[in-house]
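Naming convention: chains lettered A, B, ... in sequence-line order (proteins, then strands); numbering from 1 in each chain. Source: prediction; values computed, not measured.
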Amino acid sequence: MNRKFITLYRFSLLQKLRSKSFLISTVLLVVFLVGLTNIERIIDWFSGDDPKIAVVSSLDADIIPVLKESGIKTDVDKKDFTLKEARDVVKKGTYDAVALMTDDPYAVTLISESPEQQLQMQLSAALKQVRDQRIIAEAEIDPTLLASIAEPVAMKQELTSTGGKSEEELFAASSLVYILLFLMYFTIAIYGGMIVSEIANEKSSRVMELLISAVSPIQHMLAKILSIATVSMIQLSLLILVGYYSGKQSSLFDRLALDSLGIRTISYLFLFFLLGYFLYATLLAALGSLVSRVEDAQQVTLPVIMLIVIAFTISMFSLNAPTNQAVVVLSFIPFFTPMLMFLRVMLTDVPIWQVALSIGLMGISIALALFVGTKFYRGGVLFYGSNPLKQLRRILSGRQ
Amino acid sequence: MLELKNITKQFGEFTAVDELSFQVPEGQIFGLLGANGAGKTTTFRMLLGILQPTTGSITWKGKAIPLSKIGYLPEERGLYPKIRVDEQLIFLAELRGMRRKDAKKSLVDWLDYFQIPQYEKMRVEQLSKGNQQKIQLISAVLHKPDLLILDEPFSGLDPVNVEQLKKAVRKLTTDGTTIVFSSHRMDHVEELCEHVAILNHGKPVVAGYLPDIKAGYGKTRVLLATDAPPLLWDALPGILQVETEGTGYTLQVESKEAADGLLRHLITEGFHVERFVWDQLSLQDIFIEEVGKRYEP
């Protein structure tokens, strides 16, 4: 690491971190994450006040305390409406819902403007409880006997292929892995694309010529890849932190096994993310060096972007079958390793040699990509023609 | 001394530069001329170490050129449009091995020299073309290079800006900077350079000390304004070519004696001579003659 390399790296990093696009995208992603994890509260917020409820009941026992216990937060008034009156008050809006239990004390007619599913469930649960209590009392059954009948059979599941994880744990884990995989896919694609547009920008503004007359193209390419890797790590860490703390407070994410988001998961996530990033970024940088204008970038980088999409798609299908033989085999192919091996490590027991082998293969591929990539880069950065494929052929035939 | 010895650069079967040799003494300006595609930019890129010559050697004071000692103003202007002037210039100087603190000081000095200190914190895209070009020149000289390469430094600028930049170039040579310079404007080259080389399809067709080159052509030029009809002169010995130019004529004559004969003839015949300038061929003439004749099949 010499001084020029650090200068290049620092300049590229600072420009990126201070750029409006980085700030805006970070803020948007954080807002999105906080919003997603708090979706319940947001819906509550918009659904307005809790409904105002009236109960018409002929029961001796007071149903209102039981209703309260079952989770109704608003005031419940006991009234003496007829069916017609009940309809009128709901229409007028005096009450949002009226529960009529006049004919049969255990049959409810619920009158409301629109369906009130939660209230329905609460009502029927409360009524059933009142009725059960009365039946039990009338039959003079020992309540402890009843309690032991109601006790469910204890069941604990153990799956040998998943490292002792139960189905439920597996579901929770795979939901988390789904989210992390998506994050990985998204980040690799976004930051890989960023490298291409950075290089194309430096070429189209012709700064490239000044840069590579001062430093070697290889140094330039590595500094670019590393500085953007740093930017991505900063953003990714921020998203994981925000997602974790915001998600922990949300009931929706109870089933996500967020507690398993420990050091092990994070280390694997970053390890495989970085491996994947370096492989794809090197290829994208090499291809990006062939285009002269940002607008041309897409056609050249499409094959690599397609690979990322394919890897992500395969990993989505593999979520439900992480032990499938095809998944195991594919997880050793460098382009798919970052997502598939991460998925396997998270959901199943993978022998350590397999993990080590896949990482070794990735390391070799990255070295190979760097070797070929720098060759491309050297011939590509000063090329200003309109046909990147022709230039590619020239580089391959050693004429540049 | 910058010395290029038998430099050849081939791209596959295409020869971009063919057996080019020249020397530039320290503190002098060397003009590298040539039509578009003649191999100037390729030569510059080899000087900069971006490209390696296929054969031949380039030395600076007998050794390879250190990258930190070389400054470059590319033909296609290259700066980050959306980044502040001071940020990118200091960055580029640091890449050439200069310390940050020194780069800052040098930048302030140069902005003051061009009387544009107010642009220090502005983005490049906010500046006019002339000012962008001054910033581009500053980016090439900020790190105090010994060898400076200027590829078409004056193209597209108004006369006032051209003069300002010329003045800066002269100041740099007085300070001891060696400059290799290319331009399509022969008058600029003639004004600034002592040594030139004209490239054509990668081959040097003319090279050397400018007064020697001109003297070597033998042929000279007469700028004439008179009321005598051109028909008269065709009969005279040593007149090679007559062209009407504005209010007067430009004649190519074989020798000094032929020019003297022409003047004597006009006066004895009693014509009015408003202007009679005897001159060597201009660089423009030499360029057109050397490069132009090769365009013809």
For side-chain contact (heavy atoms from CB on, under 4.5 Å), just list the numbers for A:K20 and B:K82, CA-CA rounded to whole Å, side-chain angles, deciding distance to a tenth of an Å, and then say yes or no. CA-CA 11 Å; A:K20 284 198 190 79; B:K82 299 204 180 296; over 6 Å; no
Minimum heavy-atom separation for B:L79 and A:V207, please, with both atom names.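 Closest approach of B:L79 to A:V207, heavy atoms only: C-CG2, 3.2 Å.
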Crowding at [atom1], [X] (>12 non-hydrogen neighbours, <6.0 Å):
X	atom1	result
B:R99	CZ	no
B:E125	CD	yes
B:Q115	CD	no
B:K5	NZ	no

Counting heavy-atom pairs closer than 4.5 Å to chain A, which one of B:L95, B:I50, B:L48 comes out on top? B:L95
Gap separating the CG atom of A:L210 from the CZ atom of B:R96, nearest 0.5 angstrom: 7.5 Å
Pairs meeting criterion ring pair (Phe, Tyr, Trp, His ring centres under 6.0 Å) with involvement of residues 21-52 of chain B, two or more places apart: B:F22-B:F30
Going by the ring pair (Phe, Tyr, Trp, His ring centres under 6.0 Å) test, which pairs reach into residues 128-157 of chain B, not counting sequence neighbours?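 Those involving residues 128-157 of chain B are B:F154-B:F181, B:F154-B:H188.
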Looking at chain B, which one of A:L14, A:N201, A:L8 has the largest number of heavy-atom pairs inside 4.5 Å, strictly under? A:L8
Among residues 60-75 of chain B, which ones touch chain A with a heavy-atom distance under 4.5 Å? B:L67, B:Y72, B:P74
Is chain A contacted by the side chain of B:Q136, its backbone, both, or neither, given a heavy-atom distance below 4.5 Å?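 The side chain, not the backbone.
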Residues of residues 213-220 of chain A within contact distance of chain B, non-hydrogen under 4.5 Å: A:S213, A:A214, A:V215
Decide, yes or no, whether a salt bridge links A:R3 with B:E94 under the criterion of side-chain N to carboxylate O below 4.0 Å.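 Looking at A:R3 and B:E94, the cut-off is not met.
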When the ring planes of B:F91 and A:F11 are compared, do they come out parallel, tilted or perpendicular, using 30° and 60° as the limits?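 It falls in the parallel class, under 30°.
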